[in-house]
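Everything on this sheet refers to the single structure shown next.
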Amino acid sequence: MVIGLRQFVARVGNGAGEPVLDTDNGEELVHVQPSVSLALGNRAPESPGTLYITTKQVIWLSDVDSAKGYAVDFLSLSLHAVSRDPEAYHSPCIYTQIETGADEDVSEDSDSECNEVLDLSKVTEMRLIPSDASQLDTLFQMFCECAELNPEPIEGEEEGQNWVFSADQLEHEAGEGDDSEWHFPQNPTNSIGHSNSDHDLARTVLELQINDQRFEDAEEMEQVSDSSHHHHQ
């Protein structure tokens with residue numbers, strides 16, 4: 001696996017179609033989003049292209065230049081989030097941070113990002129800007145689901161804790177359960193956030209919820225006991 005962002009030009013049908021996937025290793029296309037601009041680092045956005053989300057990676061292919069395309073594996077994405085704050089960026093987008101494998105003390109040279117020759121090994125941020133901003137939540141959900149399919153290899157490294165939070169996701173899942181104020185899916189991390197290597201927070205929240213329920217049950221039993229005691233008197 002190549003760490004970080006890389007060029008991608010392998011297209012089906014004489015370089016004009018969809019990306020060539022690694023189907024031999026089970027890679028499948030999950031979502032296609034047309035009319036998406038891409039901005040790398042501090043550079044201006046590229047002309048619109050098509051975004052392909054697979055079970056292994058995120059691929060962007062230019063619509064105007066068949067020789068231009070980029071891809072990054074989900075294992076190299078340390079963070080992804082929906083950005084709608086105009087002060088953070090002028091257009092609503094999916095904001096991602098990319099692990100490059102480079103030494104952390106090597107500062108990212110903003111000047112090199114603005115040059116014609118782009119050093120992909122230094123790109124640590126990527127923004128995906130759909131022409132239809134209403135698709136951001138769908139794209140974010142696709143990112144979350146596919147990231148879960150690519151957990152980080154367990155190597156005892158604490159640095160790989162990648163959290164992604166979605167308020168909309170929390171509200172949606174909380175609204176599904178009418179029987180309880182709290183609703184947890186089978187995998188509690190889905191409603192808490194996404195971490196490739198650590199689920200302690202989700203487990204702690206779930207345990208707190210269970211303990212709260214036990215506490216409520218204990219109070220009810222105490223009330224019943226008190227009323228029964230007074231009745232016998």
Side-chain angles (χ1 to χ4, degrees), residues 1-83 89 91 93-102 108-109 112-132 135-136 138-153 160 162 164 196:
M1 184 192 77
V2 179
I3 298 176
L5 190 70
R6 64 188 188 278
Q7 289 189 343
F8 191 102
V9 295
R11 305 192 190 202
V12 177
N14 296 324
E18 295 184 348
V20 177
L21 305 182
D22 187 7
T23 53
D24 290 342
N25 287 323
E27 184 178 13
E28 298 178 6
L29 186 61
V30 176
H31 185 78
V32 179
Q33 186 66 45
S35 300
V36 177
S37 297
L38 171 141
L40 301 176
N42 296 325
R43 294 168 68 94
E46 302 277 359
S47 299
T50 303
L51 182 68
Y52 299 89
I53 301 175
T54 80
T55 52
K56 301 288 186 182
Q57 59 187 330
V58 178
I59 304 170
W60 179 88
L61 299 180
S62 171
D63 289 343
V64 298
D65 184 354
S66 61
K68 178 176 286 188
Y70 302 103
V72 59
D73 290 320
F74 276 104
L75 283 173
S76 291
L77 291 178
S78 59
L79 179 145
H80 57 272
V82 175
S83 172
Y89 195 70
S91 300
C93 63
I94 296 289
Y95 170 78
T96 67
Q97 289 184 355
I98 301 172
E99 294 180 2
T100 64
E108 190 169 328
D109 187 1
S112 67
E113 286 193 353
C114 298
N115 293 337
E116 288 298 322
V117 179
L118 176 65
D119 185 353
L120 297 184
S121 67
K122 293 184 178 181
V123 176
T124 59
E125 293 180 330
M126 176 178 70
R127 292 176 174 85
L128 299 166
I129 312 153
S131 60
D132 182 2
Q135 296 298 313
L136 283 174
T138 298
L139 291 174
F140 178 83
Q141 185 63 32
M142 294 295 103
F143 268 70
C144 289
E145 292 177 3
C146 292
E148 288 179 358
L149 298 176
N150 296 271
E152 282 194 5
N162 307 326
V164 177
N196 280 347

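Atom set for the values below is all heavy atoms of this structure, side chains included, hydrogens, waters and symmetry mates excluded. Everything numeric in this text was worked out from a predicted model, so none of it was measured. Start at 1 with the first residue, then count along the sequence.
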At their closest point, which heavy atom of [X] faces which heavy atom of [Y], and how far apart are they?
X	Y	result
G26	T55	O-OG1, 3.8 Å
K56	N25	CE-O, 3.9 Å
A81	F140	CA-CE1, 3.9 Å
R11	S66	NE-O, 3.3 Å
H31	T138	CE1-CG2, 4.0 Å
C93	P130	CA-CD, 4.5 Å

Can you tell which of D73, D22, L29 makes a side chain to side chain contact (heavy atoms under 4.5 Å, CB included) with T54?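 Single side chain to side chain contact (heavy atoms under 4.5 Å, CB included) partner of T54 among D73, D22, L29: L29.
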Side chains of [X] and [Y]: closer than 4.5 Å at any heavy-atom pair?
X	Y	result
L128	V58	yes
V123	Y70	no
E152	L75	yes

For E46 and W60, run side-chain contact (heavy atoms from CB on, under 4.5 Å): C-alpha distance rounded to whole Å, both residues' side-chain angles, the deciding distance at 0.1 Å, then the answer. CA-CA 10 Å; E46 302 277 359; W60 179 88; 3.7 Å; yes
D63 and T50: side chain donor to acceptor below 3.5 Å: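 D63 vs T50: donor-acceptor pair found between side chains.
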Indicate whether any N or O donor in one side chain lies under 3.5 Å from an N or O acceptor in the other, for S78 and E99.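 No donor-acceptor contact under 3.5 Å links the two side chains.
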Aromatic plane relationship, F74 with F143 - under 30° parallel, 30 to 60° tilted, over 60° perpendicular: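 Perpendicular: the ring planes of F143 and F74 meet at over 60°.
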Qualifying residues under side chain to side chain donor-acceptor pair (under 3.5 Å), relative to D65, sequence neighbours excluded: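 Result, side chain to side chain donor-acceptor pair (under 3.5 Å) vs D65: none returned.
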Once you round to the nearest 0.5 Å, how far does [atom1] of [X] lie from [atom2] of [Y]?
X	Y	atom1	atom2	value
Y52	Q57	OH	CD	12.5 Å
D132	Q33	CG	CD	7.0 Å
L61	K68	CG	NZ	12.0 Å
R6	S121	CZ	OG	14.5 Å
L38	I94	CG	CD1	12.5 Å
E145	E148	CD	CD	7.5 Å

Backbone N/O of I98 and side chain of S76: donor-acceptor pair under 3.5 Å: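 It does not hold such a pair.
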For T100 and K122, indicate whether the former's side chain and the latter's backbone hold a donor-acceptor pair under 3.5 Å.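 Looks like no, no N/O pair under 3.5 Å.
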Starting from the C-alpha separation in whole Å, work towards a yes-or-no answer on side-chain contact (heavy atoms from CB on, under 4.5 Å) for L77 and N150. CA-CA 10 Å; L77 291 178; N150 296 271; over 6 Å; no
Using the rule given for side-chain contact (heavy atoms from CB on, under 4.5 Å), can you reason through S37 versus R127, listing the C-alpha separation, both sets of side-chain angles and the distance that settles it, and then say yes or no? CA-CA 8 Å; S37 297; R127 292 176 174 85; over 6 Å; no
